[in-house]
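Within every chain, numbering begins at 1; the chains are lettered A, B, ... in the order of the sequence lines, protein sequences first and strands thereafter.
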Amino acid sequence: METIFRPLTVGYDWEMAVLQETMESAGEKEIVRLANELRTLLPWSRVGIDLDLLEARLGIIRDWQELLDKNRSFFREAKKLAGRKNYLIFPLGARPTEQMPIGSHIHVGSVYDYPAAVVLANQMTKYVPCFVALMCNSPLSRFEVGEYKSYRVAHDAEWCSSPQPLHHPRFARPSWGEDTSVKIPFKPTIELRCGDSTSDPRLMCECTVLAAGVMYGLSHNLKVNSFECDPDEFFWNSVNRWRAAKYGLQATFHWDGGEKPVTEILKEMLNLAAEGLNLLGAEIKDLTTIAKMIEKRQTQADFILTLYELDKDPHRLLRTIATIFQDEEAFGKYLDMAPILPPVAPMDIRDHILSKIAIGSRIGELSFFSPLAPWDLDRVLEELERDGLIEVQYDPIWGRMYSRLQEDKRRG
Amino acid sequence: MQRLLVKVLEVKREREYKNRQGLQFSQVECLVKVKDTARKALRLPKGMKGKTTKISRQCLLPWEIKPGDNLVLDPQESRKVIAELIPPTLPQRIEQPNPRQALLYSQDVNHDGFKENILENSFLKAVIAPHYGARLWELWTKGKDQNQLFGSGNYDKDGYVELGGVEESISGMEKPGELWNANYKRGGSQRQPAFNYHFSCKKEEGLETKKSIGIEPDDPIIYQVSEFKYKGKEKSKKKKREKEEISIEYCPKVFFAMGGEANFHNLFFVPTREKLNKVRYHKPAWRRRWGGGFWDWRKKCPGIDPGFILLSNEIKGDSLAVLFHPKKVSFVWLGTNSRSPRLFLSHSPQKLKKGTKVSYGVLYILADAFDLNQQSLLLLSLGEGSSSGRPLAITVRTLRRYKDCSVTLAIDGEERKVILRPKVYPEVGKVFYRLLILPQDFSSVSVSFKKGRESLRCQLKGEVK
């Protein structure tokens, strides 16, 4: 069967914080210095910076073992060099106290056909929530905790990983910052941006090849002359993305017309990825960390939330987890002893949107709180209005403004 | 807010236990040594570095705390450690009590190891932090025992901490500059009763600032005057021809939560040349990057001719009027969807030549009821009651050039005319004001202000008879 990958290659830009002992960033200047030293030490690496984060890049990888080896060398050397100045290298989806979401961006290549890549990116919309659930690692963000296992995804990584629109392959143009971004013509890759920065180096490698496997599995016989779209599925993909950010691997997705635990879907996804994994010299059984996570429905976010029970102050907690994650196998050890978590019955998306409406809540704000595309959000708001739960006002400056109706007003 | 960074010297395991999920934990007692604050921009009290103390922690096994680890102490732990080493003090009176009952004293209110200065009368209590920019940090309504200012303690880039209260910047509204955590020294006496401070800027060499924050004995008013004087840089051979001039862009930032709640019940009333705007605060889903919305024209309001903004909680009625010189403020910026409600008064940029100075003033008035229009503001403020009755302050601020001002006061239906007295505050302008003593058991008081076409009216309910 024909594929768009010629050949299948992988890479990542894995963002990580470089922290002082106080847990403040080492600062852009120091991170540039560190990146330059790493680049000299490891000539194959393409390490750089992104604002005040170190961005690990290993170059173009064709083989699973090569990925593991380079990943290990990079991480160890980076820690060693940073340690000389008492800095800590710490990948995490979001620092519990600071600005800036931190992501693990996976690149799959080599792909040269833009319209075909767009069709593949459209198809990935369905699978993005699975990666969100698997990689969620930001259960605290800017002193907030409790609502999401991935605040980063819930906040669309602050415009750096936005829910994906569907593009017609004939009319699409290059764009930036969507969950799955086609990098052509600037780079011959498709980038998966939705993953939180992974604290566990092995999991980072496993997610990288899994993403490549899934994209390869979807890459056959892509139709570039037509636009295929199921509005219902598009709606539920958005809801699933939100559920994944909220519940991690405890989420239940709306999948192929019914409700299904994400862990069951991930098992099917592994089979979809098998062929691509083989091309990279890996097998499903090599993804040992993912297998344990699926078995126990545990994510890195659950590990942090367990530690949060002991250290409820976000800054205090950050210092604790930064120390714990200097043990590269910390998450693996946690998975071995962690209990199996139950699937969670999801909150109704309607209730979620209603909970964000107060008095005169602006549509602009609601669209940030909502995972839905404008058309779907409007249908939910119309439904809430029809049921007498909210009322709308039209403001020439702020746009539509929604207010919750009190019980007595609802009764008329 | 204060968090300390400590190094673990010794660890003693006290007990080991399992939780319901079978995870194993230990409780340890650690001997720790204070290294620094956990946020470099915050201050460490003198003598704290190197001090040792014991703390108790729980650990998930096998990741037990080891000697040599660094830990961050949360605000409660830090407070406890500071209190062990710097015992809390009783209020230390600075000025003799004014016969008209304004109190000035110092006390470490928040146990961060530094003394705050406090101004108090029967309407309000104001807490000033000289070590964090001599900011007006808390402003309490006396009768309600409610702080109307807010500090989220959130972190931002370059070590900035959102300490809250009223923060000053001379670098425009987008940057915190160096004043937000500057260590002001007390000294100098300009007006009484007031606290006076001074600070020599480090980044803007040669720039000195003096600040005075004071109250009147019987007003719900706090006034703040900041003066900036440029003395010029020390001359060096290389910089001999350098222009002896600097530019400052003064911007006081008011972080508030009227009624103690930083939620959508907070309203901004903004009288501009165009119209009277009423804008509601909404907490956003997430913080905006790329300037935090400073560029959003909907949040920028120029032409505030009457020189006031009113902030209010629509449910509780708690209100704060912010008064300023209308010609010096180029626009106000409303943080209507920032992480917490905030108001920035962006003053016009000012060039200072060597030897020249500039002053800015802001007035804060606490109120329990108000009415306003595009030009004028009427405020009623109730003070804390005593055996002689309950103080009521009536304040009017208006754009119109009235020479005199009177209102009709009705206490439990009994009407009388009250003449308000004009008072001019430096760098802010005129307000009309009058203090009255109400009987303790009044049930309602209403005040109406009519002059020409203008008519304002507001009412307060008292205790039920």
With a 4.5 angstrom heavy-atom cut-off, is it the side chain or the backbone of [X] that approaches chain A, or both, or neither?
| X | result |
| --- | --- |
| Arg39(B) | both |
| Thr336(B) | both |
| Glu77(B) | side chain |
| Asn154(B) | both |
| Leu5(B) | side chain |
| Leu61(B) | backbone |
| Glu314(B) | side chain |
| Val279(B) | side chain |
| Lys35(B) | side chain |

Compare all side-chain heavy atoms of [X] with those of [Y] and state whether any distance is below 4.5 angstrom.
| X | Y | answer |
| --- | --- | --- |
| Leu42(B) | Tyr132(B) | yes |
| Arg95(A) | Ile102(A) | yes |
| Val28(B) | Cys59(B) | yes |

Polar contact flag, side-chain donor to acceptor under 3.5 angstrom, [X]-[Y]:
| X | Y | result |
| --- | --- | --- |
| Glu162(B) | Ser152(B) | yes |
| Thr22(A) | Glu24(A) | yes |
| Tyr17(B) | Arg15(B) | no |

For [X], is it the side chain, the backbone, both or neither that has a heavy atom under 4.5 Å from a heavy atom of chain B?
| X | result |
| --- | --- |
| Thr323(A) | side chain |
| Tyr334(A) | both |
| Phe303(A) | side chain |
| Ala330(A) | both |
| Glu144(A) | side chain |
| Asp311(A) | side chain |
| Leu307(A) | side chain |

| Quick one: does Asp302(A)'s side chain have a donor or acceptor within less than 3.5 Å of a partner on Thr299(A)'s backbone? | yes
As an exercise: rank [options] by heavy-atom pairs under 4.5 Å with chain B and give me the winner.
| options | value |
| --- | --- |
| Met401(A), Met23(A), Arg362(A) | Arg362(A) |
| Thr306(A), Asp313(A), Leu318(A) | Asp313(A) |
| Ile397(A), Leu310(A), Ile359(A) | Ile359(A) |

| When heavy-atom pairs shorter than 4.5 Å are enumerated against chain A, which of Gln24(B), Gln21(B), Gln76(B), Arg57(B) gives the highest number? | Arg57(B)
| request: Look at Gly22(B), Ala38(B), Pro75(B) and state which one has the largest set of heavy-atom pairs under 4.5 Å with chain A. | output: Ala38(B)
| query | How are the rings of Phe114(B) and His131(B) set relative to one another: parallel (under 30°), tilted (30 to 60°) or perpendicular (over 60°)? | reply | parallel
| request: Flag this pair as yes if the NZ/CZ of Lys246(A) is under 6.0 angstrom from the six-membered ring centre of Tyr148(A) and inside a 45 degree cone about the axis; otherwise no. | output: yes
| task | Could you tell me whether Arg342(B) sits above the aromatic face of Phe344(B), with NZ or CZ closer than 6.0 angstrom to the six-membered ring centre and within 45 degrees of the axis? | result | no
| request: Report the residue from Leu366(A), Leu389(A), Leu354(A) that forms a side chain to side chain contact (heavy atoms under 4.5 Å, CB included) with Leu381(A). | output: Leu366(A)
| message | Quick test of your reading of the model: are Arg142(A) and Glu158(A) salt-bridged, counting only N-O distances below 4.0 Å? | response | yes
| Is the gap between the ring centers of Phe368(A) and Trp159(A) under 6.0 Å? | yes
